[in-house]
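Here is the structure we will look at.
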Amino acid sequence: MADEHMTDMKLTWDDLEFTSHPNEDYLKVASACSEFGKTLKICWETCWQVEKQVLADENTPLPSLKVIIGFSEHDVVRHLGGTLGGLKFLALACTLVTAFDPSECAQVLATLMERHLEQEEQQSPTADQLCPLMSAINARCQLSGFAEHILDYEIIISHGLRDRDHHAASLSRLGKTPNTEAVIKLVELLVLLQVGKFKDRELKAFSVYTGSCAPWIAAFVRWWLHKEPLMFVEDEPSGSEKFREGETKAGIKIVFPTDDDTPEDIKIRGIYSEADWEDWYFGLGRAEQYGGLVQIDTYFRLMLNAFRLDRGQANMAAVEVIPFALSEARKRLTMCSEGCVSRDRWGAPCEATTDLGSTKAKLRQQPGTAGSDLHKIFTDRFEPFPERQDINKILGLIGGCEGKHMQDLRSKQMDMGMLIHDHPQAAAFLGQKKYASELAEWEKGEFRSQFRAMVAPGATTIFDEQMAHIVATILALSLFRDPEQLLVRPDPFVWRDPELEPSTVISAIFRVFRWQEACCDVAEWHRVCRKLAGEQWDGTREQEQCRQHAIISSGSGQAVWPVILFSKTLPTDGESYLRLQWHRGSIYDEESGRPYLGVVGVDSRTEPSIVSQSAFEIPSRLTISDTSASGGHVEVVREEDDRILRCALVRAVNGRLSETRVDPSGVFRTLASAERIGMCSHNSEALMDITNPVDTDAGTTAAIPEVYLCSPDDAMPWYWGWVHRADAKDAVWRGLGPLLVSVRSDASSGDRPGAVAVVPTAGSDEMQLFALAKPVGAHVAVRQRACLSCCVKFCREFGFDILVL
């Protein structure tokens with residue numbers, strides 16, 4: 001790390017404003033940043049961590065989309081990291097990105113550089129010049145590990161306040177950040193503290209009086225000096241108590257407003273002598289909570305702390321219950337989409353799919369009925385979650401759940417039929433007098449229940465709901481392949497995001513804990529996984545639509561995408577269809593190196609004026625040869641739109657591409673409630689004779705044919721079922737409002753050509769994925785080896801509208 005001038009190597013910048021062929025002005029900006037870094041006295045240990053965490057490069061290609069996931073070895077971060085001054089600049093930038101957006105970061109840096117760079121022949125960069133650079137380095141800087149330090153201090157300070165029964169201990173989070181002016185002053189004082197005299201005044205020490213952003217400021221001081229700051233907590237209006245020893249001349253006094261109506265501010269005091277000091281006052285930053293990414297085990301420490309389940313009997317109760325609750329949720333939770341899982345249903349079961357096993361069991365007990373042979377048809381569902389050993393990888397990252405005895409429920413010798421809050425340690429915590437003080441301390445936390453219809457949820461309701469949050473997060477993180485090194489956003493209340501609330505996943509798992517049938521919205525799982533991995537979109541309506549159709553998302557140094565979309569195969573037995581792959585880095589075009597904010601799916605079938613509809617065929621008999629009627633293969637087409645890469649699946653027949661564009665991510669809405677028809681007692685090659693109904697007398701309703709054939713890219717069979725169960729509010733939010741109105745107003749929407757839509761795919765996994773990918777979900781059966789007659793019989797008996805062959 002020699003601190004020489006930068007090389008004039010060819011750069012590839014991550015921000016388009018810098019261009020892929022940087023001119024002299026942009027090289028001057030990078031050079032000025034490196035020169036500014038020389039004036040900073042950030043410790044060597046922090047620079048080493050930045051070099052290790054932020055400068056690492058490893059790329060992986062996605063040939064089907066012609067993109068590369070990773071970081072360029074010639075990007076601006078590697079350019080800056082070539083000198084010690086550049087590394088120190090990056091170390092400062094790594095702190096700023098956890099508190100500010102790129103524009104605010106640029107303002108901080110521009111002000112500091114103007115004050116600290118010697119002005120000779122050139123001016124320091126402006127905020128407008130630094131903003132694209134901050135956008136370029138933002139993703140890498142999220143990986144630095146600075147957020148780990150903030151989180152550690154948040155837990156330390158939270159424990160200190162709770163131990164002293166401080167009134168501020170009722171705060172659910174201590175996650176605020178200072179404003180830009182406060183950070184500028186902190187940097188100036190840290191530099192001055194290390195340099196010594198300034199204008200004949202020697203800074204002896206400085207102290208910061210703050211409340212909810214104390215963790216961020218403490219972490220900032222430690223990051224800079226690699227030493228612990230001294231910490232005090234105000235216990236009386238006129239006094240304070242030391243609760244953490246320091247190794248520096250920087251102290252933090254934790255002070256909160258005396259009432260809720262008083263705005264919280266930050267006071268920084270520079271001390272030159274016992275009789276000489278100077279005070280500055282600042283406000284809080286705009287961010288709701290600090291950002292960045294942390295390790296999964298650190299994340300769960302934060303979650304347990306936020307829920308007040310991290311100490312004493314509360315922790316013992318949680319650690320005992322989590323493995324059992326996890327097993328129950330994985331075993332009994334079902335999924336669906338659309339109106340079957342509307343938020344106002346509060347996790348209630350889907351009538352068609354949730355209790356299918358019980359319905360078949362009842363048929364088994366009714367010999368001689370028309371459906372008596374149906375129980376002989378073997379069916380199962382596509383598995384949403386991975387194997388238990390993969391889930392245990394996440395469970396083992398929770399403190400207290402590391403041992404094998406916690407992951408093997410047979411060793412716990414418990415009644416598997418009891419409610420989770422009735423387990424011994426939980427029942428003791430919630431009911432025994434000797435734990436009354438711990439229970440009271442737990443109840444002071446501000447965990448806000450999503451069951452707002454309850455005026456005052458009781459302790460067991462809150463405990464069960466907290467367990468639902470923990471279990472849902474474990475299951476979500478287990479969807480990632482090789483999750484041990486994954487970094488996640490430090491948000492313990494991710495399931496309370498306004499986009500989700502009330503979460504159908506939390507409602508459904510809560511119902512499972514109460515031994516009730518439950519069903520959740522499959523779309524929530526990937527949505528939350530992307531949020532946990534650091535997905536970043538801006539708040540515009542266009543970006544919101546992109547986020548809803550995201551196939552690959554990035555923004556915080558990690559890219560995430562569904563495995564099956566690029567494997568071209570349906571998941572095998574026991575394999576999760578929700579599996580996600582992830583990789584450090586951003587998204588780049590494999591040829592041009594152009595960076596993308598994300599990859600989103602495009603579906604032409606959502607436009608009412610161009611909804612594709614083939615000519616439906618009513619067959620007189622159904623044979624195995626009919627399953628090959630589709631022919632062709634599937635190709636991926638792509639187009640660039642600003643910094644978004646849009647892609648779609650297209651069917652190619654005889655070298656010609658269909659005009660219908662299919663969003664591949666729609667497959668998850670179908671797989672959520674799909675049933676695989678494995679085998680029956682008949683010859684799988686047997687044909688099926690179909691008796692088509694004849695016209696009936698006037699005034700009576702004509703019966704409809706048993707089946708009708710349709711094309712794999714036709715969405716109308718899905719829409720006919722969707723209009724009867726769609727949630728209008730959800731449809732509008734997803735941009736499908738006009739489509740819903742159009743299909744409902746279509747006179748043919750209530751006149752299906754037949755009872756069951758049969759979609760031929762020739763048994764090809766690639767074509768089945770294509771056929772299952774629709775803008776809306778439906779109750780679909782997928783044939784594997786059963787005969788055609790049993791497949792149709794199963795669909796008609798159990799309410800499955802579509803059969804994919």
Side-chain angles (χ1 to χ4, degrees), residues 12 14 16 20 56-75 139-140 143 386 479-483 485-487 525-527 529-530 532-537 546-571 575-603 633-652 657 661-668 671 765-770 772-773:
T12 302
D14 284 74
L16 292 183
S20 58
D57 299 317
E58 185 179 348
N59 300 328
T60 186
L62 286 179
S64 58
L65 282 179
K66 299 180 181 179
V67 298
I68 293 175
I69 310 296
F71 292 117
S72 169
E73 62 181 4
H74 301 302
D75 67 11
R140 279 198 189 251
L143 307 173
L479 297 177
F480 291 92
R481 282 186 174 171
D482 304 317
Q485 299 304 312
L486 178 74
L487 300 178
W525 292 98
H526 280 177
R527 203 173 297 161
C529 285
R530 292 194 298 264
L532 284 169
E535 177 187 63
Q536 289 185 343
W537 298 96
C546 289
R547 184 160 57 90
Q548 293 179 36
H549 301 282
I551 293 175
I552 308 180
S553 62
S554 66
S556 292
Q558 297 179 138
V560 176
W561 64 95
V563 171
I564 68 169
L565 295 191
F566 305 109
S567 66
K568 295 186 177 181
T569 60
L570 286 173
E575 184 180 1
S576 166
Y577 65 83
L578 290 175
R579 269 293 204 188
L580 293 167
Q581 186 60 274
W582 68 278
H583 198 276
R584 297 266 198 277
S586 300
I587 310 166
Y588 299 91
D589 185 275
E590 68 177 9
E591 295 182 0
S592 67
R594 176 186 174 90
Y596 299 115
L597 294 174
V599 179
V600 302
V602 175
D603 206 307
H633 65 280
V634 179
E635 294 188 6
V636 178
V637 295
R638 38 172 272 168
E639 60 182 29
E640 297 179 3
D641 182 4
D642 194 14
R643 296 191 62 185
I644 304 297
L645 179 63
R646 303 181 185 275
C647 74
L649 302 180
V650 177
R651 187 156 63 105
L657 296 180
R661 299 297 189 259
V662 174
D663 178 359
S665 65
V667 70
F668 301 108
L671 289 178
D765 274 352
E766 178 185 55
M767 193 61 71
Q768 284 184 341
L769 277 170
F770 179 77
L772 293 170

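Computed from a predicted model, the values in this text were never measured in an experiment. Note that these values count all heavy atoms, side chains included, but never hydrogens, waters or copies made by symmetry. Along the sequence shown, residues carry numbers from 1.
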- Task: Might you work through the side chain to side chain contact (heavy atoms under 4.5 Å, CB included) test for Leu62 and Val599, ending with a clear yes or no?
- Result: CA-CA 12 Å; Leu62 286 179; Val599 179; over 6 Å; no
- Task: Dump the intermediate steps for side chain to side chain contact (heavy atoms under 4.5 Å, CB included) on Ile69 and Asn59, then the final yes or no.
- Result: CA-CA 6 Å; Ile69 310 296; Asn59 300 328; over 6 Å; no
Nearest heavy-atom pair of [X] and [Y]: which atoms, and what distance?
X: Ser553; Y: Glu535; answer: CB-OE2, 3.3 Å
X: Phe71; Y: Ser586; answer: CE2-OG, 3.8 Å
X: Gln581; Y: Val563; answer: N-CG2, 3.8 Å
X: Leu65; Y: Arg638; answer: O-NH1, 2.6 Å
X: Val662; Y: Ala773; answer: CG1-O, 3.5 Å
X: Trp582; Y: Asp482; answer: NE1-O, 3.2 Å

- Message: side chain to side chain contact (heavy atoms under 4.5 Å, CB included) for Val636 and Lys66? Distances and angles first, verdict last.
- Response: CA-CA 10 Å; Val636 178; Lys66 299 180 181 179; over 6 Å; no
- Item | Member of Val634, Val667, Asp765, Val650 meeting the side-chain contact (heavy atoms from CB on, under 4.5 Å) criterion with Phe770 | Val634
When you compare the side chain of [Y] with that of [X], does any pair of heavy atoms fall below 4.5 Å?
X: Leu479; Y: Pro386; answer: yes
X: Val67; Y: Leu645; answer: yes
X: Asp663; Y: Ile551; answer: yes

- Query: Rounded to the nearest 0.5 Å, what separation is found between the CH2 atom of Trp561 and the NE2 atom of His526?
  - Reply: 13.0 Å
- Rounded to the nearest 0.5 Å, what separation is found between the CD atom of Glu639 and the CZ atom of Arg661? 8.0 Å
